[in-house]
Peer 1: 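Next up is a structure, given as structure tokens.
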Amino acid sequence: MPSIGNNKPTETVKVLLVDDRQDNLLALEAVLASPDYELIKLSSGQEALRYLLSEEPAVILMDVQMPDLDGFETANLIKQNERTREIPIIFITAINKDERYVSKGYAYGAVDYIYKPFDAHILISKVRAFADLYRKNRRLLEAERRLRETAITEREHRLAELELRALKRERAEQKKYRDLVEGIPEGVVWAALPESFMFVFVSQAAETLFGYPVDQWLTEENFFLSRLPSEEREAFRDGVRAIWETGKSFEREHRFLKRDGTTAWLKTSVRIHRDPENDAVELRGLSTDITRLKEAERMLERAKNRSELLAQASLALAKSVDYQTNLVEVADLVAAHLHANLHVFPWTKASAVPDTDKLLRQGMVVTELRARNNSLGLLAIEPRGGGDFARDELQGIADDLANRVAAAIDNAALFKRAQDAIKVREEFISIASHELKTPITPLKLQTQLLLRMADRQPESEWKRDHIVGMLRSSNQQIDRLTRLVDDLLDMSRMGQGKLQLSFAEFDLVALVLEILKRFEEQLARAGIQVEASLPESLIVCWDSFRIEQVLINLLANAVKYAPGKPVSVTLSQENNIVVLSIKDNGAGISKTDQARIFKRFERVGSSTAIAGLGLGLYIVSQIVGEHGGKVFVESSLGHGAKFTVKIPRQPIRIAKAAKQPALPAAREARGG
Ligand code: ADP
């Protein structure tokens, strides 16, 4: 009576053992002896072929090296025969790890390979697997045969059909699972003996993923654990051991040395498998290659780290206008996120320029600090080891950081400049109000006095000389006020680039003489004697009104800052350049102050007792500049000052200016 399921008695199957050496045959027999198998021992390939003419064993275990017909040739002949083709063959030979040898075996259609001295467990489990397969196939054929017998009862028929279907499903499932296992490209499916951790099965991916031939996985002792980094080995072993106690599966991410020397990241999960049919225990596992995932995770981590660093650095740099203090915090961030030191070298006069090559040789990553197209210095990151970033990544971070640091340095400089400018302006406003007020007081007094006199005395009795004197003095104060206001107006026009020049030919010598005449009284009052060294005449094509301003400002300064000492005025021409200098013998100007006195509102501390807005030399330099010339000073403290103006006799800009009639705005503004 046929039955379905696992509980029927095990059918004895034939196992053919072929070896030319009797002792080997006996050894195999000793290992495989079981009521499940009928062991047929034959000592040559020829005998085996003869036996196969009439019999069909479940599996053939065959020695490779035999005289006359060796194992491979015998296998070849077996595989050529339609009827015996499907019989699985396991070659048994002394350990030979030559891959070519192994692949030869596979080419002859061997399904497996076992090395001497063989592991009895492996041999038994392999033979068992083939025997099971054989029985299942037999049952399948039997069922099919029974089905074909029309005489069987309906019930038998149904049962047979059911069994056939179950068997077919089982076979299809087995194939499906095998395809599934072999079809996993990213992971190795494996089975191993629990004590020795010897593999009894690994899927093909074991070779494609990690480079070691399948055979090596199956035969090398301690193969798997010895490929783990030593520090991870113990934990892995403990994890596997723990499965016995907990019965739960074990899962771990670990590194694994590949055959090419590189390291892969694996995620291995292991569980115990107990065969319900024979209670055999096996470790079953799946080791998935997660190297790319790990790399992606690390990249993500690094990207996060990088953007956090940059965001926090931006915040730190914006904390105060004192970028030096902020940089200390940024350096702390760099140390924490990159395991590196931060160096910032701004181009200041005080600090020496660092040698970029030297920094690079010291292993630093160097980049330039640039803001608004200006180079502000260098930024270097010095890795201290243990950081996660590659050099090119550090370079990218250094560049990003440099942008932020440069902006902070630039902002700090702009802020300082703005503060300085505000301070200068405030000082100027206080000086300007004082200066503008000074002439107003006597003007007011004289006007009040005149009014009182007009009230008290009839017109005829006014003392004419007295009145004329007062009016003259008032006029002088008005002139002074006018000059101050004119200077302010000029300054604002120059600042906006709106100074209009009107070039025309005139005799410069005549102009110098006229101005000296105008200054005669002031110079005399200041006790200054002028020595003029002038040519007969010198025709220039300049803006005479503006040049007059230059002369007046320079002479007025000599009067203010060098009273009681002689002044010399010289005029000459070198090639086409006119050279005019006014040299006094006053207190002079220190080298450090010389550069700034030509700027707006700049005055030298020692001269603040003397009236002035700090605009005279600024206006001189602007006018001379507009004529295509230059003004400079030669002086040292206590040795007077020599201001020299050099202008081309015929400035190049004339051509342009002459074409369009100059607007007389500046002249009108002077108020006639
Ligand atoms: P101001 O005379 O109104 O201060 P200037 O622009 O004409 O403005 O001069 C700027 C500063 O340069 C003066 O305050 C003074 O300190 C210095 N200076 C100019 N001319 C002379 C000079 N001949 N000798 C010494 N110092 C001078």
Side-chain angles (χ1 to χ4, degrees), residues 420-421 423-439 477 479-495 499 512 515-516 519 522-523 525-532 546-570 580-626 630-645:
D420 289 350
K423 201 168 140 230
V424 167
R425 229 155 262 229
E426 274 167 3
E427 275 170 17
F428 167 73
I429 288 168
S430 105
I431 294 171
S433 6
H434 178 79
E435 286 298 309
L436 289 169
K437 189 108 203 266
T438 310
Q477 302 301 340
D479 282 350
R480 193 170 162 192
L481 267 177
T482 311
R483 265 201 314 276
L484 286 170
V485 173
D486 279 350
D487 279 355
L488 283 175
L489 276 171
D490 282 347
M491 178 211 64
S492 98
R493 274 197 207 105
M494 286 166 181
L499 189 69
V512 173
I515 303 231
L516 283 176
F519 262 73
Q522 279 187 57
L523 289 163
R525 238 187 289 134
I528 294 175
Q529 282 205 334
V530 176
E531 190 192 311
R546 291 295 176 187
I547 291 302
E548 190 180 316
Q549 247 179 310
V550 170
L551 287 166
I552 289 171
N553 287 0
L554 292 177
L555 270 176
N557 278 353
V559 170
K560 280 199 287 185
Y561 302 110
K565 309 263 173 61
V567 165
S568 57
V569 178
T570 54
L580 168 79
S581 32
I582 297 179
K583 180 180 179 331
D584 64 43
N585 287 283
I589 307 152
S590 74
K591 289 268 178 280
T592 43
D593 289 327
Q594 283 173 21
R596 66 181 181 91
I597 52 173
F598 292 99
K599 291 188 184 145
R600 278 195 290 190
F601 316 137
E602 293 287 355
R603 308 196 70 217
V604 178
S606 60
S607 58
T608 43
I610 301 163
L613 294 178
L615 284 177
L617 289 179
Y618 169 72
I619 290 170
V620 167
S621 78
Q622 292 293 309
I623 292 173
V624 173
E626 287 294 315
K630 270 199 163 129
V631 56
F632 42 90
V633 62
E634 293 159 86
S635 176
S636 61
L637 276 181
H639 295 97
K642 181 181 176 189
F643 286 88
T644 304
V645 170

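Each ligand, and each atom within it, is numbered from 1 in the order the structure gives. Just so it is clear, the model here is predicted, and its values are computed rather than measured.
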Peer 1: Quick check against the 3.5 Å criterion: does Gln594 have a side-chain atom that pairs as donor or acceptor with the backbone of Ser635?
Peer 2: yes
Peer 1: Using a 3.5 Å distance criterion without hydrogens, assess whether the side chain of Asp584 forms a donor-acceptor pair with backbone atoms of Ala558.
Peer 2: no
Peer 1: Cut-off 3.5 Å, side chains only: do Gln549 and Arg546 have a donor facing an acceptor?
Peer 2: yes
Peer 1: In terms of atom number and element, which parts of ligand 1 are under 4.0 angstrom from non-hydrogen atoms of Glu602?
Peer 2: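 Listed by number with element, the hits are 10 (C), 11 (C).
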Peer 1: What distance do Leu617 atom CG and Arg603 atom CZ have between them, rounded to the nearest 0.5 Å?
Peer 2: 10.5 Å
Peer 1: Counting only nitrogen or oxygen atoms and a 3.5 angstrom limit, does Tyr618 reach ligand 1?
Peer 2: no
Peer 1: Heavy atom under 4.0 Å from ligand 1: found in Leu615's side chain, backbone, both, or neither?
Peer 2: backbone
Peer 1: Could you establish whether Asn553 and ligand 1 come within less than 4.0 Å of each other, counting only heavy atoms on the residue side?
Peer 2: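 Flag not set, Asn553 not near ligand 1.
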Peer 1: Before signing off on this row, confirm whether Gly588 and ligand 1 have an N or O atom pair separated by under 3.5 Å.
Peer 2: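 No, Gly588 has no N/O under 3.5 Å of an N/O on ligand 1.
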Peer 1: Can you name the salt bridge (Lys or Arg N to Asp or Glu O under 4.0 Å) partners of Glu634, sequence neighbours left out?
Peer 2: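 In terms of salt bridge (Lys or Arg N to Asp or Glu O under 4.0 Å), with neighbours along the sequence ignored, Glu634 is linked to no residue.
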Peer 1: If you count the atoms of ligand 1 from 1 in the order shown, which ones are under 4.0 Å from a heavy atom of Arg603?
Peer 2: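 The list of qualifying atoms is 1 (P), 4 (O), 14 (O).
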Peer 1: With a 4.5 Å limit on heavy-atom distance, are the side chains of Leu488 and Ser492 in contact?
Peer 2: no
Peer 1: Under 4.0 Å from a heavy atom of Gly616: give me the atoms of ligand 1 that qualify, with their elements.
Peer 2: 5 (P), 6 (O), 7 (O), 8 (O)
Peer 1: Under 4.0 Å from ligand 1, counting heavy atoms only, is it the side chain of Lys560, its backbone, both or neither?
Peer 2: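 Only the side chain of Lys560 comes within reach of ligand 1.
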Peer 1: Nearest to atom 5 (P) of ligand 1 by heavy atom, Val604, Val633, Leu617: which?
Peer 2: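 The residue whose heavy atom sits nearest atom 5 (P) of ligand 1 is Leu617.
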Peer 1: Are Asp490 and Arg493 ion-paired here, with the side-chain N under 4.0 Å from a carboxylate O?
Peer 2: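 Between Arg493 and Asp490 there is a salt bridge, with a charged N closer than 4.0 Å to a carboxylate O.
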Peer 1: What are the atoms of ligand 1, with element, lying closer than 4.0 Å to any heavy atom of Gly612?
Peer 2: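 Heavy-atom distances to Gly612 below 4.0 Å select 3 (O).
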Peer 1: Does Gly614 reach ligand 1, in the sense of a heavy atom lying below 4.0 Å from it?
Peer 2: yes
Peer 1: Specify side chain, backbone, both or neither for Phe598, according to which of its non-hydrogen atoms lie closer than 4.0 Å to ligand 1.
Peer 2: neither
Peer 1: Is any side-chain heavy atom of Arg483 less than 4.5 Å from a side-chain heavy atom of Arg480?
Peer 2: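 SC-SC contact between Arg483 and Arg480 confirmed.
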